[in-house]
Amino acid sequence: MHYWLMKTEPEAFSLNDLQARGQEPWDGIRNYQARNFLRSMQPGDGIFIYHSRVAVPGIVGMAEVVSNARPDPTQFDPHSHYYDSGSSLDKPRWDLVDVAYRRSFTQCISLDSLRNMPEFADSPLVRKGNRLSILPITKSQWQHVLSLVEDDRQ
DNA sequence: GCCAACGTTGGC
DNA sequence: GCCAACGTTGGC
């Protein structure tokens, strides 16, 4: 059981979109470090969904890994924005996992507030210039964020 | 919409 | 194998 954070631009695909669909193949990851994280994911792993490129970027809710990593079909499709001519069917370069909706937080846990949490001091998430769209979350980071949203409900 | 920071590509 | 050029990410 591991925890992850996955970024998405809500203009392209938001947590609400995930909620509407129930689950979604998380395709289009074209960064080797992020891909390696995908490959280490297992069904049942927890995910924080993070909205980027918005006025208040931050964690907006939760999802769950519901498949093992498998080849991302968009890499083989010449008409796809994510097509990769350097990849082949017998040696796929890019993977995806299926992600299922779990929960929307009543209030976004903003990047600004994450920066002020000691739990996130060492996270790549708060480092300037960080572009990783998938990154690991520690148990203490997970629990701390959850404690904030529980408090929020009272 | 700007642009700093970063990862990738390709010429040499 | 270096590194300049390029494309992309994502905060602001």
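Numbers restart at 1 for each chain; the letters A, B, ... are given by sequence-line order, proteins then strands.
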Spacing between [X] atom [atom1] and [N] atom [atom2], to the nearest angstrom:
X: Asp84(A); N: dT8(C); atom1: CG; atom2: P; value: 13 Å
X: Asn36(A); N: dG7(B); atom1: CG; atom2: P; value: 13 Å
X: Ile134(A); N: dT9(C); atom1: CD1; atom2: P; value: 13 Å
X: Leu132(A); N: dT8(B); atom1: CG; atom2: C1'; value: 15 Å
X: Lys128(A); N: dA4(B); atom1: NZ; atom2: P; value: 9 Å
X: His51(A); N: dT9(C); atom1: NE2; atom2: C1'; value: 16 Å
X: Glu9(A); N: dC12(C); atom1: CD; atom2: P; value: 15 Å
X: His81(A); N: dT8(C); atom1: NE2; atom2: C1'; value: 9 Å

So among Arg35(A), Arg30(A), Arg39(A), which one has a salt bridge (charged side-chain N to carboxylate O under 4.0 Å, His left out) with Asp95(A)?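 For Asp95(A), the salt bridge (charged side-chain N to carboxylate O under 4.0 Å, His left out) check succeeds only for Arg39(A).
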- request: Return the 5'-most residue of the pair Arg53(A), Gly129(A) with respect to DNA chain B, ranking by each residue's nearest nucleotide.
  value: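 Looking at DNA chain B, the more 5' nearest nucleotide goes with Arg53(A).
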Between [X] and [Y], is any side-chain donor less than 3.5 angstrom from a side-chain acceptor?
X: Ser87(A); Y: Gln75(A); value: yes
X: Asp17(A); Y: Ser14(A); value: yes
X: Trp26(A); Y: Asp98(A); value: no

Would you say a side-chain N or O of Lys7(A) is under 4.0 Å from OP1 or OP2 of dT9(C)?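 For dT9(C), neither OP1 nor OP2 has a side-chain N or O of Lys7(A) closer than 4.0 Å.
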Under 4.0 Å between a side-chain N/O of Tyr50(A) and OP1 or OP2 of dG11(C), yes or no?
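Answer is yes, contact under 4.0 Å.
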Query raised in the report: Any idea which of dT8(B), dG10(C), dG11(C) is nearest the Pro57(A) side chain?
Result: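 The answer is dG11(C), which lies nearest to the side chain.
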